[in-house]
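Right, one structure below, let's go through it.
Ligands are counted one by one from 1 in listed order, and the atoms in each one are counted from 1 as well.
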Amino acid sequence: MRNLLAALFLTTTILGYAQQKTIDQKVDELLQKMTLEEKIGQLNQYTGDNTVTGPLTINANKQQEIKEGKIGSMLNVIGWKYTRQYQELAMQSRLKIPLLFGLDVIHGYKTTFPLPLAEAASWDLNAMELSARIAATEAAASGIHWTFAPMVDISRDPRWGRVMEGAGEDTYLGSRIAYARVKGFQGNKLGDLNSVMACAKHFAAYGAAVGGRDYNSVDMSDRMLWETYLPPFKATVDAGVATFMNSFNDINGIPATANKYIQRDILKGKWNFQGFVVSDWGSIGEMIAHGYCKDGKEAAEKAVLAGSDMDMESNAYRNHLAQLVNENKVPLSIVDEAVKRILRKKFELGLFDDPYKFCSKERQDKALSNPEHTKAAREVAAKSIVLLKNEKNILPLSKETKTIAFIGPMVKPKRINHGFWAIDLKDIDSTYIVSQWEGLQNKVGKKTKLLYAKGCGILDTDKSGFKEAIEVANQADVVILSIGERFDMSGEAKSRSNIHLPGVQEDLIKELQKTGKPIVILINAGRPLIFNWTADNMPTIVYTWWLGSEAGNAIADVLFGDYNPSGKLPMSFPREEGQIPIYYNHFSTGRPSINEDKVYKSAYIDLPNSPKFPFGYGLSYTTFKYGDLKLSKTKISSNETLEVSMTITNTGKFAGEEVVQLYLQDKFGSVVRPIMELKDFQKIKLEAGESKTLTFSIDNEKLSFYNQVLEFKSEPGEFNLMIGSSSADIRLNSTFELIP
Ligand code: BGC
């Protein structure tokens with residue numbers, strides 16, 4: 001048996017190698033035939049005009065250039081028909097090298113899923129992999145080869161509008177999610193008809209823009225970079241990600257696009273990444289505005305030397321690279337290497353065998369009307385909802401409730417539920433999106449009367465709608481109020497200096513509170529918002545983010561208890577903007593403010609240090625008891641694994657899911673360590689009254705960190721182990737020692 005297995009292994013390895021070699025050989029053969037101009041064409045990416053995702057600056061005859069082999073890839077060409085039309089042009093070029101079609105399939109294609117940040121609140125890796133899988137299936141059936149996702153930028157700053165696109169503030173959670181999303185997008189293998197290439201972006205540290213202002217500079221220590229910002233990118237490499245995108249920001253003075261350390265030394269060197277790197281939209285040309293390059297030629301030189309393989313929308317490679325090669329400023333081998341990386345992916349996708357393999361009307365129609373996708377979108381959306389408060393157990397609502405008033409600016413519109421970064425599918429109408437109103441209608445029986453009032457607009461200063469809202473509330477047994485920030489107030493270039501609930505929405509809550517009716521507040525947003533009065537005075541608050549095309553149904557599922565909420569916040573919610581950046585895993589200081597002691601302590605005199613709602617926090621309709629913590633050892637050496645077990649019991653009346661979170665603190669280090677760090681978690685479902693024993697394994701990697709000379713190592717000494725229901729609700733504690 002052993003021999004058989006060994007033989008099998010050997011054969012598969014040899015076969016795998018042979019196949020790989022074939023692709024490499026094919027790439028080499030093709031490269032031999034290419035002129036310098038054709039090579040540079042492969043490195044050039046232009047936008048199409050089905051959607052606009054950046055500032056349009058290039059005025060080229062794209063059709064003609066494709067025929068001349070001067071374009072290797074297009075973005076923003078959407079649907080089987082248009083991708084096919086463009087591909088037909090590429091087939092008229094001398095070497096017939098197919099185009100790659102890229103698109104921002106960020107949280108779904110037609111079927112939209114919750115914003116990536118919202119999905120991260122589910123802490124459900126299978127759910128996130130599934131949503132990426134479905135997005136890939138729909139996109140690939142519509143001619144798309146490549147999604148510019150996942151965004152794996154860690155961010156500790158909710159002013160930054162792009163927090164909606166990532167997985168939040170935590171490196172460990174972010175890395176696990178990054179891995180799952182890449183697996184979801186890429187499926188079994190590139191070339192399958194339901195797989196798209198994933199793209200880890202934005203490399204690197206884009207989420208740490210100074211002041212939370214998009215595209216701003218980043219200044220951070222190498223240790224911070226390695227410890228906090230790079231691991232999710234590394235996780236995507238481990239998952240086999242096909243491409244990377246660099247970022248608009250500079251890192252310690254060097255724009256990421258021209259950053260050799262980041263792209264060549266770390267990504268292509270240390271991590272041995274075999275795919276290709278695309279610039280961000282215009283980021284090569286923008287190095288002139290950065291004051292880093294005096295013109296497009298210098299920008300092209302610096303970017304390509306630093307390892308940016310494909311130029312998105314700068315036209316810098318197309319205009320200058322040939323001259324740079326001829327002047328010996330850029331070695332031809334550098335251009336060849338970039339071209340090879342791109343061609344390899346085109347071969348892997350099978351585009352040389354059939355350039356139209358992803359363009360099929362039948363497959364597109366079928367994929368975009370698959371009821372399984374709708375079902376999954378509803379389930380993932382329900383899992384992403386976070387119950388922030390349920391003090392009077394107003395939730396879950398009874399389906400027998402006689403009259404419900406559904407009030408607020410978010411109740412009736414449909415498209416807003418997609419949130420930012422939804423694909424503008426022009427020939428598909430929006431009827432399939434389930435509004436919050438429709439979700440409620442679908443849920444309750446005929447006997448329940450539903451009343452509606454808008455109350456106010458999102459940004460209004462006008463309170464004239466309050467009267468109607470109060471009248472409607474007075475007639476109801478329960479009021480549901482859906483408020484928040486506009487769907488396009490988060491996303492790219494959507495930084496806000498003030499992240500309080502906008503307009504007069506909180507005033508509307510205050511007026512409605514006076515009716516004395518039970519009120520459920522739904523908050524829709526793409527980031528953590530600040531709503532202190534509401535948080536302090538309203539007993540029932542549900543954070544719904546933006547949940548996608550099944551939002552209405554998912555919200556109703558949670559409100560009526562058909563799904564017991566299980567989401568946990570992937571970012572800390574600040575009390576005021578002055579606390580930002582705010583994150584649970586901050587370093588220990590020399591004067592910690594214990595129990596909010598402020599006397600000569602690291603504290604604000606006008607605010608507690610703690611967030612309003614902490615990382616990892618979220619309620620359920622049931623309760624969970626943590627107990628029976630056992631460690632397999634109290635002392636371990638670095639080649640041993642510590643087994644930690646505990647028992648969790650559902651002590652309430654409803655079946656429910658809990659995310660059990662394991663945190664560690666290295667008590668003393670050769671560099672200062674965080675007060676706690678998430679190192680593992682498990683999401684489990686328990687029936688009412690049920691208990692389960694969970695086991696966690698702590699290996700040396702979980703104990704290691706980047707020391708002063710950036711070696712990733714553990715150090716002997718004592719560790720605190722904390723297991724809890726959130727970063728601020730630790731239920732079980734212990735210590736163990738790592739021995740030399
Ligand atoms: C964004 C990228 C996006 C690209 C293409 C840029 O502005 O930063 O995340 O993938 O546009 O749409």
Side-chain angles (χ1 to χ4, degrees), residues 44-58 71-78 100-109 115-117 132 135 139 144-155 160-167 178 181-182 185 196-209 212-218 232-233 236 241-251 255-257 275-287 289-290 303 308-315 419-425 488 490-495 526:
N44 187 27
Q45 186 188 50
Y46 285 157
T47 185
D49 47 19
N50 292 143
T51 185
V52 177
T53 55
L56 293 171
T57 50
I58 293 170
I71 302 181
S73 172
M74 298 286 294
L75 72 149
N76 295 338
V77 178
I78 305 177
L100 275 180
F101 295 106
L103 187 67
D104 294 283
V105 184
I106 305 296
H107 55 112
Y109 183 77
L115 300 181
L117 180 66
I144 302 302
H145 308 138
W146 178 19
T147 175
F148 303 128
M151 185 187 103
V152 303
D153 297 307
I154 295 299
S155 180
W160 190 51
R162 293 195 89 164
V163 296
M164 52 87 26
E165 207 180 330
R181 286 186 167 145
V182 170
F185 284 127
V196 293
M197 297 196 292
C199 180
K201 70 187 191 186
H202 304 83
F203 202 53
Y206 179 47
R213 211 179 66 218
D214 209 359
Y215 317 128
N216 206 2
S217 313
V218 170
F233 287 100
T236 67
V241 73
T243 72
F244 260 59
M245 185 185 291
N246 60 34
S247 54
F248 292 119
N249 54 288
D250 72 86
I251 306 165
T257 307
F276 68 88
V277 180
V278 63
S279 79
D280 203 346
W281 179 298
S283 71
I284 299 180
E286 286 171 18
M287 292 197 290
H290 265 292
S308 296
D309 301 307
M310 187 182 277
D311 172 0
M312 181 195 289
E313 276 291 300
S314 286
N315 233 353
F420 198 83
W421 276 131
I423 294 156
D424 193 7
L425 295 172
D488 58 355
S490 61
E492 183 175 349
K494 299 288 159 39
S495 297

Note: ligand 1 atoms sitting under 4.0 Å from heavy atoms of F148 are 10 (O)
Donor-acceptor under 3.5 Å (S495 side chain, G212 main chain): yes
With backbone taken as N, CA, C and O and side chain as the heavy atoms from C-beta onward, which portion of R162 lies under 4.0 Å from ligand 1: side chain, backbone, both, or neither? side chain
Per-atom contacts of ligand 1 with E492, taking only distances under 4.0 Å to non-hydrogen atoms: 1 (C), 6 (C), 7 (O), 8 (O)
Considering only NZ, NE, NH1 and NH2 on the basic side and carboxylate oxygens on the acidic side, decide whether E165 and K201 come within less than 4.0 Å. yes
I need the nearest protein heavy-atom contact for atom 11 (O) of ligand 1: residue, atom name and distance, please. D280 OD1, 3.6 Å
Is it the case that more than 12 heavy atoms not belonging to D488 sit under 6.0 Å from its CG atom? yes
Distance filter under 4.0 Å to W281 heavy atoms, resulting ligand 1 atoms: 6 (C), 7 (O), 11 (O)
Once the angle between the rings of H145 and F101 is folded into 0 to 90°, is it parallel (under 30°), tilted (30 to 60°) or perpendicular (over 60°)? tilted
Between T53 and W281, does any side-chain donor sit less than 3.5 Å from a side-chain acceptor? no
D153-S155 side chain donor-acceptor pair, cut-off 3.5 Å: no
Can you list the ligand 1 atoms lying under 4.0 Å from a non-hydrogen atom of F248? 6 (C), 7 (O), 8 (O)
For M151, is the nearest heavy atom under 4.0 Å from an atom of ligand 1? no
Check ligand 1 against K201 and write out every atom of the ligand that is under 4.0 Å from a heavy-atom position of the residue. 2 (C), 3 (C), 9 (O), 10 (O)
Can you list the ligand 1 atoms lying under 4.0 Å from a non-hydrogen atom of M245? 2 (C), 10 (O)
Give me the residue, atom name and distance of the protein heavy atom closest to atom 10 (O) of ligand 1. D104 OD1, 2.5 Å
Can an N or O of H202 be found at a distance shorter than 3.5 Å from an N or O of ligand 1? yes
Side-chain contact, heavy-atom cut-off 4.5 Å: F248 with D214? no
Below 4.0 angstrom from a heavy atom of L75, which ligand 1 atoms are there? Numbered from 1 as shown, please. 5 (C), 12 (O)
Within a distance under 4.0 Å of any heavy atom of T53, pick out the atoms of ligand 1 and give their elements. 5 (C), 7 (O), 11 (O), 12 (O)
N76-T47 side chain donor-acceptor pair, cut-off 3.5 Å: yes
Checking side-chain polar atoms at under 3.5 Å, does N246 have a donor or acceptor matched by the opposite partner on Y206? no
Can you find an N or O of Y206 that's nearer than 3.5 Å to an N or O of ligand 1? no
